[in-house]
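Computed from a prediction, not measured in an experiment: that's the story for all the values here. Just so we're on the same page: letters track the sequence lines, and every chain starts at 1.
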There are 2 protein chains.
Amino acid sequence: MTNITLKQLRYFDALARHGHFGRAADACAISQPAISMRIKELEEELGTPLVERGARQVRLTAFGEDFVTKAREILRAVDELGDLARASQGRIAGRLRIGVIPTIAPYLLPRIVGRLSALHAGLDIHVRESLTSKLLTELHDGKLDTAIVALPVSEPALTEVALFDESFVLVRPGADRDKPVPDRDGLREMRLLLLEEGHCFRDQALSFCNIQSAMPRETLDGSSLSTLVQMVGSGIGVTLIPEMAVPVETRATDVDIARFGAPEPKRTIGMIWRKSSPLAPQLREISEVVRDVARLARTVAA
Amino acid sequence: MTNITLKQLRYFDALARHGHFGRAADACAISQPAISMRIKELEEELGTPLVERGARQVRLTAFGEDFVTKAREILRAVDELGDLARASQGRIAGRLRIGVIPTIAPYLLPRIVGRLSALHAGLDIHVRESLTSKLLTELHDGKLDTAIVALPVSEPALTEVALFDESFVLVRPGADRDKPVPDRDGLREMRLLLLEEGHCFRDQALSFCNIQSAMPRETLDGSSLSTLVQMVGSGIGVTLIPEMAVPVETRATDVDIARFGAPEPKRTIGMIWRKSSPLAPQLREISEVVRDVARLARTVAA
DNA sequence: CGGGGCGATAATTTGGGGTTATGACAAACA
DNA sequence: TGTTTGTCATAACCCCAAATTATCGCCCCG
């Protein structure tokens, strides 16, 4: 393990440049004895002289020549470290790992990624679609920088900002078009198709109907909103979907979309990140962008 | 002009390695506050955080990851400055860190160390025995000056010189002494004991028998050639060992050693070092010595 | 031989970088 | 829900490394 310091290298670089202790010292804004001592010390550590102190001039030894080129490479590399910092500083750039729940991802993510990429050229976005519980774990483990989930998550270590509220709408077979829209109690009597266990959207829908999740119910579970809507289209039952999913999911299926009267079921979608994350300022800024994108997406949908 | 110091980089390297301020401080033989302060200072100079301080763990930021690789390059370059000094004096002296694979080390290393120490009084030899993959990593990281492994390694940044070829011989229970020597196909039918995954010698033996490593095979894996030979002695199966290992490993066990007919299995042992190493000329000279030593060892064995 | 330029050495000061002790806070625990 | 524990930050202090100024020694030159 060497004890060479960057100061020694800087002084030696200056000395090699000027061929003169006094002027090198000036260049380094130090006194002449200081540089003399540092160079001597460096030579002792290396066990070999670097400069030949002539009567009227100092000249590098052969080894000193080799040494100074290597030393300059190092000094340059160190200076570039500062640039590296400046390059990646402040601005939104580099890798951003974002997790989104499956009942949001297909409808919002393409727009988010598009907008963010357009706004921030140097941004390298990695997307992960997964259930809330898994997203939270990955957030904690540092596998994700942020996530978009339904609030609240109520984790003290996480910051959560609300993005928007979204209503749930009823999806029923096209044939039911003219029937009155059921209320939450009426809904409980119908054959309600839901996502499988683990999706927060399932719990949110159940809670609207005042049904205990644990209660054994005869429901047919679909694995994606698409599947659910397809099944509704074949007359198997009814389902709820977030309104943002309406344009995409009901495009090619004969189903009827009906809004509920008050109290309208809805959930709050938000963005979360670790309070300790150094990206926090950037993430807050990003959350503004996401909110904009979402508002746009929802006005288009409505 | 940056004020970054090598100490800061060394400490940060340690912190990145350990992911823990306290342990990193231990590794640097300083107190925990010292490293905390230095890292904080570094972050202030860079104007950007390097690590995310979680309650239970310290994690590098994306920028920290970039930074640490650059920093390590610099630290290695600085360490090489010391080598440069020694090399420029022409002599072979100072610290020499040499890595050797486990299927070579016991049979060759004592002689190598003995000879080199005798030839070069000022030489301080450090030996490391490990698998090829680990040796290559340590070579790149500047933890080793050179390594003796099976060629080829085909790394563009490394110089490789061949030292010698060594044949593999069959080790079978003493009772099989009078049976004919199997060929590579016959070998496939026998119960072949091999080193565990990761040893290059395992792969070399398998490739001789034309067996895919991935292929699920019923083999009993030993962790050293000694163990393998002992197991063969108890009649469990057969194995291959490099001929250099014969005198040491078969001394006290009732086993039969048989050479294969053509095509005889063999491998090439060579010495490797970083092309950028300032010790390159000395290492080449050392490789001549090692080659001599190996030739001597093998004629004794034969 | 005396003077001036230059680097080395000596004596002294100062602050960077270390230490120990302690605080703050989140996570784990009971 | 307190309590304990692990972990990093902060505070107060200390010391030696590395400056500074002053001076010396030396060689070349006039």
Rounded to whole Å, the CD-C1' distance (A:Glu43 to C:dG7) equals 12 Å
Determine: side-chain N/O of A:Arg38 to OP1/OP2 of D:dA17, distance under 4.0 Å, yes or no. no
Measure from CG on A:Leu6 to P on C:dG16 and round the result to the nearest Å. 17 Å
Sub-3.5 Å donor-acceptor pair from the side chain of B:Glu43 to the main-chain atoms of B:Val51, do we have one?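 Confirmed, B:Glu43 side chain pairs with B:Val51 backbone.
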Salt-bridge criterion met for A:Arg291 and A:Glu288 (N-O under 4.0 Å):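 Yes, charged N to carboxylate O under 4.0 Å.
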List for me each residue that meets side-chain hydrogen bond (donor to acceptor under 3.5 Å, both in side chains) alongside A:Glu264, sequence neighbours excluded, and say none if there are none. A:Ser167, A:Arg259
Round to the nearest Å and state the distance from B:Ile39 atom CD1 to D:dT7 atom P.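 To the nearest whole Å, that distance equals 17 Å.
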Can you see if the side chain of A:Lys275 gets near the phosphate of C:dA26 - specifically, an N or O under 4.0 Å from OP1 or OP2?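 Answer no for this pair, as no side-chain N or O of A:Lys275 is under 4.0 Å from OP1 or OP2.
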What is the distance, to the nearest angstrom, from the CG atom on A:Leu42 to the P atom on D:dA17?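 To the nearest whole Å, that distance equals 17 Å.
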DNA chain C: 5'-proximal contact among B:Ile35 and A:Ser36 (nearest heavy atom):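 Here A:Ser36 is the residue nearer the 5' end.
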For B:Arg128, enumerate each residue passing the side-chain hydrogen bond (donor to acceptor under 3.5 Å, both in side chains) test, keeping only those at least two apart in sequence or located in another chain.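 B:Arg128 satisfies side-chain hydrogen bond (donor to acceptor under 3.5 Å, both in side chains) with B:Glu138 only.
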Sub-4.0 Å heavy-atom contacts from residues 21-32 of chain B onto DNA chain D, ordered by number: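 Contacting residues: B:Phe21, B:Gly22, B:Gln32.
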Neighbour count above 12 (heavy atom, 6.0 Å) for A:Lys275 NZ: yes
B:Pro33, nearest nucleotide to its side chain (from C:dT20, D:dA19, C:dA27):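 That would be C:dT20.
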Could you state the CE-C1' distance from A:Met37 to C:dA11, rounded to the nearest angstrom?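 Spelled out: CE on A:Met37 to C1' on C:dA11 is 11 Å.
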Under 4.0 Å between a side-chain nitrogen and a carboxylate oxygen: does that hold for A:Asp145 and B:Arg59? no
Report the distance from atom CZ of B:Arg59 to atom P of C:dA26, rounded to the nearest whole Å.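 Those two atoms, CZ and P, are 16 Å apart.
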Of the listed nucleotides D:dA19, D:dT10, C:dG17, the one nearest the side chain of A:Lys7: D:dA19
By nearest atom, which of the nucleotides D:dT10, C:dG7, D:dA22 is closest to the A:His20 side chain?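 Among D:dT10, C:dG7, D:dA22, the one nearest the side chain of A:His20 is C:dG7.
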Provide, to the nearest angstrom, the distance between the CD atom belonging to B:Gln8 and the C1' atom belonging to C:dG18. 14 Å
Identify whether any heavy atom of A:Glu41 sits under 4.0 Å from a base atom; if not, whether one sits that close to sugar-phosphate; answer base, sugar-phosphate or nothing. sugar-phosphate
B:Arg10 CZ - C:dG17 C1' separation (whole Å):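 The answer, rounded to whole Å, is 16 Å.
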Would B:Arg23 and B:Asp26 pass as an ion pair if we require N to O under 4.0 Å? no
Side-chain N or O of B:Arg53 closer than 4.0 Å to phosphate OP1/OP2 of D:dA9: yes
